[in-house]
Amino acid sequence: MPSFLERWRERRILRRQPIAELDWRAALARSQALQRLNASDQARLRVLATLLLHDKSLEPVQGLEMDSGMRTWLATLACLSILKLGLHWYRHWHSIVIYPDTFVPEREYVDAAGVVHRRHTPLHGGAWERGPVILAWDAVAHSGDGHNVVIHEMAHKLDMLNGEANGFPPLHARMSRRNWVQVLGGAYRQLEERVHAGYPPPLDPYGLQNPGEFFAVASETFFEAPLRLRNFSPELYQQLSLFYRQRPLPE
Ligand SMILES: [Zn+2]
């Protein structure tokens with residue numbers, strides 16, 4: 001329960017910097033994931049998005065200009081994952097950097113022989129531990145149909161709350177760590193088999209990079225194409241429901 005002071009602070013922000021009705025309607029209209037929520041969840045999401053826009057700094061770069069509609073859309077997607085968790089799950093980081101298009105970070109990695117390489121891979125998004133979230137606007141704008149770069153990067157941020165992004169975010173008290181590991185591991189292998197057998201993958205095969213990417217990709221599908229995820233693995237759908245405390249599909 002938020003304290004009296006927190007509620008007072010929330011009310012003040014909501015009064016002074018509300019999301020405009022037009023921007024809110026436009027955000028709802030463009031996303032099935034948002035339309036699946038009931039009216040009271042949508043109202044709570046609007047509150048969270050307003051608070052996020054106040055608390056975090058949205059930093060467009062390379063000439064990108066963001067109007068209030070774009071800011072609302074981004075904040076709303078970012079808050080969908082934490083609708084039932086709360087904004088404090090996004091503590092420890094403060095900014096979202098937004099490129100107009102894919103961006104190429106220069107990253108160093110050390111191979112098995114101990115040689116340092118520089119990698120230049122164009123990215124749609126990134127999340128640095130305790131650092132900013134980085135997004136490409138064109139990918140944000142084209143969220144839907146199972147893909148959502150914002151939910152993906154936010155999943156990494158949630159995952160990093162207890163260390164590196166390894167597909168093992170801090171689970172709630174009543175959740176079983178053993179079930180989580182078994183279910184995610186099993187679904188990972190199932191996806192691997194499907195991809196190798198040449199079947200259309202139910203989840204983005206990018207998730208096979210490592211368990212951290214698998215959790216992020218599964219989270220995208222959970223919110224954007226929940227039926228497809230549940231058909232693929234009802235157990236995975238169940239674990240993600242327990243973690244996010246949401247059920248995108250009617251019972
Ligand atoms: Zn990722």
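We count residues from 1, following the sequence as given. First listed ligand is number 1; within each ligand, the first listed atom is number 1. None of these values were measured; they are calculated from a predicted model.
Side-chain contact, Asn148 with Glu224: a donor N or O sits under 3.5 Å from an acceptor N or O.
In summary, Glu10 and Arg44 engage in a salt bridge, as defined by a charged side-chain N under 4.0 Å from a carboxylate O.
Partners of Arg189 by side-chain contact (heavy atoms from CB on, under 4.5 Å), not counting sequence neighbours, listed by chain and number: Glu192. Residues passing the ring pair (Phe, Tyr, Trp, His ring centres under 6.0 Å) test with His156, sequence neighbours excluded: His152. In this view, Gln238 and Arg247 satisfy the side-chain hydrogen bond (donor to acceptor under 3.5 Å, both in side chains) rule, not counting sequence neighbours.
Aromatic ring orientation, His172 versus Phe243: parallel (interplanar angle below 30°, classes split at 30° and 60°).
Protein N/O/S atoms nearer than 2.8 Å to the Zn ion (ligand 1) total 4.
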